[in-house]
Number of protein chains: 2
Amino acid sequence: MRASDRAYSTLRTDIIDWRLAPGDILAEVEQSARLGVSRTPLREALSRLVAEGLATTNTGRGVVVSEISLEAVTDLFDARIPLECAAVRIAARRGDPAVFAPLAEEFACAGPLIDGDGDSDGQAAYYGLVARLDHAIDEAAANPYLLQAQKPIRTHLARVRRLARDNPIRLLHSAHEHEQIARALADGNAELAEAAMRVHLHRSLQHLTTPSHAGHGAALHP
Amino acid sequence: MRASDRAYSTLRTDIIDWRLAPGDILAEVEQSARLGVSRTPLREALSRLVAEGLATTNTGRGVVVSEISLEAVTDLFDARIPLECAAVRIAARRGDPAVFAPLAEEFACAGPLIDGDGDSDGQAAYYGLVARLDHAIDEAAANPYLLQAQKPIRTHLARVRRLARDNPIRLLHSAHEHEQIARALADGNAELAEAAMRVHLHRSLQHLTTPSHAGHGAALHP
DNA sequence: GCCGCGACCTTTGTATACATTGGATGGTGG
DNA sequence: CCACCATCCAATGTATACAAAGGTCGCGGC
């Protein structure tokens with residue numbers, strides 16, 4: 001793997017996981033020393049982060065980690081909802097039903113996975129299942145432009161998710177919503193799939209903007 | 001202006017205007033010599049082009065101008081339509097009516113601008129008017145994530161537009177459609193604005209995919 | 001004559017040295 | 001005492017030199 005790739009993925013993970021907070025300055029010499037690469041590949045990594053929206057260039061001051069907060073999540077979903085709905089609609093038309101039927105079954109059986117004893121293990125497995133459905137939708141939609149538009153949105157979403165941890169109750173609901181989406185896709189029912197996706201996204205947004213989940217970010221800003 | 005910015009905008013324009021055709025190899029030494037910059041800023045320009053989707057990296061072969069054709073325009077609009085509709089819907093809610101009313105008037109009076117004697121001059125002025133409306137919508141929507149998702153789509157769209165020149169009749173229809181959008185926005189009518197936008201985009205797509213306009217691209221590939 | 005292997009060469013990836021710009025700080029004048 | 005300007009410094013922007021990797025061409029063997 002190239003040095004610039006390593007620098008990029010390390011910085012990207014650091015930002016998404018809030019080890020690098022908004023406003024933090026990514027000085028070239030400092031970061032190149034920290035990551036053990038030269039300034040040239042680091043600059044390439046930084047420019048990729050800027051293109052992705054995870055950082056912004058302050059003229060003369062280098063690049064800083066871009067601001068984001070739970071307040072931005074509404075704007076984020078205003079862009080996300082139409083994109084995901086469009087994707088799922090196309091996927092229902094073009095996709096192979098045989099791909100989505102097993103996924104629907106998995107979501108139907110995901111209950112024990114979520115509130116089992118090995119908590120974090122089960123949650124990780126569930127998140128993996130969600131990722132597989134997302135990937136199957138991307139494959140079925142087979143639209144590179146749609147994917148390109150969704151990519152930065154998903155990156156930002158991953159970042160705000162860390163501010164509001166999902167609880168088991170929400171995850172159970174989420175599994176049910178995902179099952180509905182997968183079943184509609186397996187049936188090739190575009191209208192139903194879009195509606196189910198819309199329901200899921202609205203519920204997710206509602207959960208994220210519920211104030212009871214805010215406030216543990218204080219630990220990240222001592 | 002920085003050398004990397006100059007290299008980026010020059011290459012970007014060259015690709016959009018089809019001076020650099022899909023499949024063309026952007027060798028670092030060759031392009032840096034052509035643009036009169038060193039390899040370092042050129043690499044930054046290339047990585048920006050890759051992030052934008054105008055070029056792709058072929059391992060070991062450098063970066064090549066990405067493929068695009070009129071066949072891709074349907075996929076492009078599958079991503080564009082939901083985004084523009086979402087933007088116009090939000091703009092109708094948040095926007096200032098005083099901004100859009102004059103724009104609607106301008107579109108209403110755009111007829112002579114289009115099929116006047118100074119053909120290309122008038123068309124350029126009309127395209128500028130369209131750009132102003134787009135910008136006003138972006139400002140009114142005030143959603144950076146939506147804008148970020150739209151940016152690559154618009155870039156690709158500019159590229160395919162060069163394959164199918166607009167004719168005066170289509171432009172007159174386009175002006176009328178834009179007028180409808182602007183009026184709905186001035187009235188703060190989100191539903192109507194979205195519908196008008198949807199009409200406009202479907203008509204545009206229909207025009208672009210009408211086969212009578214293909215075929216002058218042969219001059220670009222001798 | 002065709003396939004495979006190897007060497008050469010072109011091209012990209014990386015590092016470092018140098019130039020330049022923007023900012024901060026301290027001093028001076030009003 | 002405040003404000004403005006000049007100087008210094010640190011950080012980025014750029015260029016070039018070097019290394020590594022992949023591709024292509026040619027030669028030899030089958």
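Every chain is numbered from 1, with letters handed out A, B, ... down the list of sequences.
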Could you state the atom-to-atom distance from [atom1] of [X] to [atom2] of [N] in whole Å?
| X | N | atom1 | atom2 | answer |
| --- | --- | --- | --- | --- |
| A:Arg2 | D:dA19 | CZ | C1' | 16 Å |
| A:Gln31 | D:dA11 | CD | P | 13 Å |
| B:Met1 | D:dT14 | CE | P | 11 Å |
| B:Arg6 | D:dG13 | CZ | C1' | 12 Å |
| A:Asp5 | C:dT12 | CG | C1' | 13 Å |
| A:Ile25 | C:dG23 | CD1 | C1' | 12 Å |

Exercise: identify the closest heavy-atom pair between B:Asp17 and B:Arg162: OD1-NH2, 3.3 Å

Contact summary for A:Glu52 and A:His156, nearest pair of heavy atoms: O-NE2, 3.8 Å

B:Ser4 side chain near D:dT14 phosphate (N/O to OP1/OP2, under 4.0 Å): yes

Members of residues 37-47 of chain A that approach DNA chain D, where some heavy atom sits under 4.0 Å away: A:Arg39, A:Arg43

Nucleotide of D:dG13, C:dT12, C:dT14 approaching A:Glu28 most closely (side-chain heavy atoms): D:dG13

First encountered from the 5' end of DNA chain C, between B:Val29 and A:Gly36: B:Val29

Where at least one partner belongs to residues 138-151 of chain B, residue pairs that pass salt bridge (Lys or Arg N to Asp or Glu O under 4.0 Å), sequence neighbours excluded: B:Asp138-B:Arg154

Residues that A:Asp78 engages under salt bridge (Lys or Arg N to Asp or Glu O under 4.0 Å), provided they are two or more places apart: B:Arg94

Heavy-atom side-chain contact between B:Tyr8 and B:Leu46 under 4.5 Å: no

Atom CZ of A:Arg34 with >12 non-hydrogen neighbours under 6.0 angstrom: yes

